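Encoded as structure tokens, the structure appears first; notes follow it.
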Amino acid sequence: MCAVCGIVDFEAPVDPGPLAAMCAVLRHRGPDDHASWHDRHAALGFQRLSIVDVRHGAQPTADESGSIRALLNGEIYNHKALRRSLAARGHRFRSDSDAEVVPHLYEEYGDGFVEHLDGDFGIAIWDALRRRLTLARDRVGVKPLFYHLRGTRLTFASEIKGIFASGACTPDIDPQGLSDCLFYGHTIAPGTFWRDVRDLEPGTVLTADRDGIRARRYFRVFEREDPDAPLLTGHAAIEAFDERFTAAVAKRVPDEVAAGIALSGGLDSSAIAAVAARRCDAPLTTLSVRLSGAIHDETEMSRLVARSLGVPNVEAETTGARVCELLPKSMWHFESPFWYGGVASPFLDLTALARDQGLKVAMSGDGSDELLAGYDFYRLMRLSSRLTDLRLDALRPLVWRQATKWIGAPSGIDRHLVEISSRSRSDAERYGQMPPWVYLWSALSGTARPAVLADLPEPSALPRPPEHSTLHRQMHFEFHTRLPHWVLPISDRLGMAHGLEVRVPFLDRDVLDVCAELHPRMLLRLGTEKYVLKRAMADLLPKRIVRRRKKPFMTPIAPWYLSGPGAQLAADHLSRAAARRYGLFDPAATERIWRTAVDRPGTWDGVTAEWAAMAILCTHLVVDQFSGDRFTADAITGAHA
């Protein structure tokens with residue numbers, strides 16, 4: 001919930017004037033109320049989405065003395081237990097807000113306060129006596145937090161546009177950010193698409209004072225408390241996961257405001273709806289997107305789930321013309337190019353529908369595929385590993401050709417898989433096998449990157465994974481790439497665009513911990529992905545839902561965004577004239593990529609051209625959204641406020 005922002009200077013006095021513009025440009029995240037506070041060296045701003053202690057939960061909150069001020073974006077799910085413990089230690093509270101436990105925890109534990117939190121959060125704490133700022137982000141990056149440092153002045157906000165609105169810096173493209181977007185398909189923290197703006201990494205607490213800034217990573221996914229203990233298998237694994245997942249859903253059902261569930265008809269969101277309805281006695285309204293005329297539409301499945309659970313299901317219908325209309329607005333909220341930004345645009349209509357229904361909270365199935373090995377590529381990697389074990393490497397091209405055909409991949413991808421495997425030995429050695437998404441990212445980079453006019457640095461390096469199973473090491477890769485920089489921003493940014501908080505039970509603290517203890521065969525077993533989840537949900541959902549293959553939520557690219565209803569959008573951003581106007585990509589190469597995407601559907605060359613065309617299109621749209629006078633006072637209080 002909410003938006004936080006602020007300016008601190010560890011030497012010079014701070015003018016609180018820019019807070020008004022910062023809060024205004026973030027108002028969509030917290031439309032219910034706003035507040036600000038300042039002293040000589042700090043100015044803090046807050047836009048509130050009222051969910052916990054609706055009447056009295058204003059922020060910033062403070063300790064008893066008022067010397068410690070805290071801002072919270074998100075929710076602390078164990079705040080009641082923390083409150084009782086802190087009260088027993090003599091702390092006094094003015095409200096029942098979850099945010100109010102934060103300054104008191106900081107009093108007790110310093111920057112170690114973050115280890116006591118069960119929640120999704122971006123937190124800022126100003127310690128006036130020490131003249132120290134502490135920023136903290138939840139374990140996996142459900143809630144965003146960005147900052148800019150120049151000299152002794154640090155500016156922070158829940159979204160980058162809040163930093164720009166402060167006047168601390170201007171929207172200048174960072175070559176490293178562009179390089180990452182054209183390889184990974186998105187930026188990589190702590191970098192962003194914008195020069196000198198930093199993305200606080202998930203699971204990190206940062207402290208800043210007159211001596212500089214220091215960052216500490218307090219959580220690393222899949223790291224086990226006792227690495228030598230046996231991993232969980234069989235019924236013990238299923239029961240342990242089921243118990244934690246049920247509790248994760250239950251704690252995310254709010255007490256004071258209405259909530260719903262974003263239901264795709266896939267296993268993940270269906271599992272949340274089933275647990276809420278049948279185990280938590282909370283039959284929440286489900287909301288689904290209907291893709292009119294698209295082969296990717298899953299309306300039949302979402303309706304089946306809603307009927308089986310006896311819950312109301314509300315649908316938002318979208319069309320190719322509508323998603324093209326929404327794409328520029330999506331880029332305004334994302335603040336960075338996605339190679340497939342259009343996949344998310346329909347979610348804007350879904351979140352608008354949720355607010356029209358009076359909802360302030362919705363749950364989604366985000367994180368399940370990354371946590372439970374849900375992607376088809378994991379099965380391909382397992383098959384590849386078996387071929388190596390059996391010394392049948394010579395069969396790999398034939399097997400991959402048949403396997404990729406079975407999963408519906410475009411013709412020609414098998415040759416790319418073999419090529420990348422043969423020339424990326426370092427990644428294969430580091431992760432035990434090639435991380436699956438490298439195959440797709442290398443294809444995007446190979447098509448889009450040569451069209452860039454300037455020399456770009458190499459893509460950002462990723463941290464070394466923990467010594468765990470090969471499958472867990474590859475999943476660790478996901479937690480540092482797609483999950484915090486693509487999957488979760490879709491839910492957060494497009495939910496908060498309409499003042500809707502999207503909660504993600506699969507990324508609950510206790511679910512993360514138990515999944516680190518699961519044996520790999522409880523995730524991927526005999527070709528069945530997300531095995532532990534399917535076993536846990538077997539008695540709650542229709543067999544058709546539990547047994548169906550994963551079907552990613554997608555919208556058609558070339559038929560919607562690059563031709564047909566999107567023909568004018570594409571012409572405005574992918575033609576030679578458009579490329580010359582932006583000056584980032586070679587005009588002839590840009591137009592050639594666009595034409596290949598439209599003219600060669602279903603082929604590997606056509607698909608990679610689609611990705612590259614969308615990457616270039618979204619890059620140009622982001623530049624449009626953040627150029628000119630977008631951050632003048634009039635603009636901030638106008639269309640985007």
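These numbers come from a predicted model, not from an experiment.
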Could [X] and [Y] be called an ion pair, given the rule that one side-chain N must be under 4.0 Å from one carboxylate O?
X	Y	result
Asp508	Lys251	yes
Arg279	Asp539	yes
Arg137	Asp199	yes
Asp32	Lys360	yes
Glu108	Arg89	yes
Glu115	Arg216	yes
Asp255	Lys80	yes

Report yes if some heavy atom in the side chain of [X] is under 4.5 Å from a heavy atom in the side chain of [Y]; otherwise report no.
X	Y	value
Val289	Phe347	no
Phe477	Pro465	no
Leu206	Tyr147	yes
Phe93	Thr61	no
Phe121	Val102	no
Lys530	Leu524	no
Ile123	Leu71	no

Query raised in the report: Does Arg303 have any side-chain hydrogen bond (donor to acceptor under 3.5 Å, both in side chains) partners at least two apart in sequence or in another chain, and if so, which?
Result: Glu315
Looking at every non-hydrogen atom in both residues, tell me the closest pair between [X] and [Y] and how far apart they are.
X	Y	result
Ala248	Pro505	CB-O, 3.5 Å
Ala99	Leu72	CA-CD2, 3.6 Å
Val54	Ile51	CG2-O, 3.8 Å
Pro144	Arg29	CD-NH2, 3.9 Å
Cys515	Leu372	SG-CD2, 3.7 Å
Phe506	Gly365	CD1-O, 3.8 Å

For the pair [X] (side chain) and [Y] (backbone), establish whether a donor and an acceptor sit closer than 3.5 Å, ignoring hydrogens and angles.
X	Y	value
Asp98	Ile76	yes
Arg244	Ala240	yes
Ser269	Ser364	no
Arg278	Leu540	yes
Thr351	Leu348	yes
Glu501	Met496	no
Asn78	Asp118	yes
Thr204	Leu200	no
Arg355	Leu359	yes
Thr134	Asp111	no

Under 30°, 30 to 60°, or over 60°: which ring-plane class applies to [X] and [Y], parallel, tilted or perpendicular?
X	Y	value
His116	Tyr109	parallel
Tyr184	His186	parallel
Phe222	His472	perpendicular

Just checking, any donor-acceptor pair under 3.5 angstrom between side chains of [X] and [Y]?
X	Y	result
Ser368	Asp268	yes
Ser330	His333	no
Thr187	Asp180	no
Glu159	His28	yes
Tyr375	Glu478	no
Ser288	Asn313	yes
Ser95	His56	no

Query - Steps toward side chain to side chain contact (heavy atoms under 4.5 Å, CB included) verdict (Arg548, Leu267) - result: CA-CA 8 Å; Arg548 71 181 298 223; Leu267 175 63; over 6 Å; no
Report task. With ring pair (Phe, Tyr, Trp, His ring centres under 6.0 Å) as the test, would you mind laying out the steps for His480 and His476 before giving the verdict? Result -> CA-CA 7 Å; His480 286 275; His476 179 270; 4.4 Å; yes
Query - Audit row: Leu483, Leu507, side chain to side chain contact (heavy atoms under 4.5 Å, CB included) steps and yes/no - result: CA-CA 11 Å; Leu483 183 67; Leu507 299 177; 4.2 Å; yes
Query raised in the report: CG of Asp281: more than 12 outside heavy atoms within 6.0 angstrom?
Result: no
Query - Residues, nucleotides or ligands: over 12 heavy atoms within 6.0 Å of Arg547 CZ - result: no
Report task. With ring pair (Phe, Tyr, Trp, His ring centres under 6.0 Å) as the test, would you mind laying out the steps for Phe113 and His104 before giving the verdict? Result -> CA-CA 9 Å; Phe113 80 96; His104 298 281; over 10 Å; no
Requested in this report: In sequence, state the C-alpha distance, the side-chain angles, and the governing distance for Ile261 and Leu287, and then conclude on side chain to side chain contact (heavy atoms under 4.5 Å, CB included).
Outcome: CA-CA 6 Å; Ile261 296 169; Leu287 305 109; over 6 Å; no
Query raised in the report: Step by step, would you call Phe156 with Trp126 a ring pair (Phe, Tyr, Trp, His ring centres under 6.0 Å)?
Result: CA-CA 12 Å; Phe156 65 89; Trp126 173 245; 9.7 Å; no
To the nearest 0.5 Å, what is the distance between [atom1] ([X]) and [atom2] ([Y])?
X	Y	atom1	atom2	answer
Leu494	Asp349	CG	CG	10.5 Å
Ile125	Asp63	CD1	CG	10.5 Å
Ser345	Leu350	OG	CG	13.0 Å

Query raised in the report: Cation-pi between Arg198 and Phe146: NZ/CZ under 6.0 Å from ring centre and within 45° of the ring axis?
Result: no
Requested in this report: Measure from NZ or CZ of Arg525 to the centre of the six-membered ring of Tyr531, then state whether that distance is under 6.0 Å and the direction lies within 45° of the axis.
Outcome: yes
Query raised in the report: Asp120 pairs by salt bridge (Lys or Arg N to Asp or Glu O under 4.0 Å) with which of Lys143, Arg139, Arg252?
Result: Arg252
Query raised in the report: How far apart are the C-alpha atoms of Leu263 and Ser270, what are their side-chain angles, what is the distance that settles it, and do they pass the side chain to side chain contact (heavy atoms under 4.5 Å, CB included) test?
Result: CA-CA 6 Å; Leu263 179 66; Ser270 300; 3.7 Å; yes
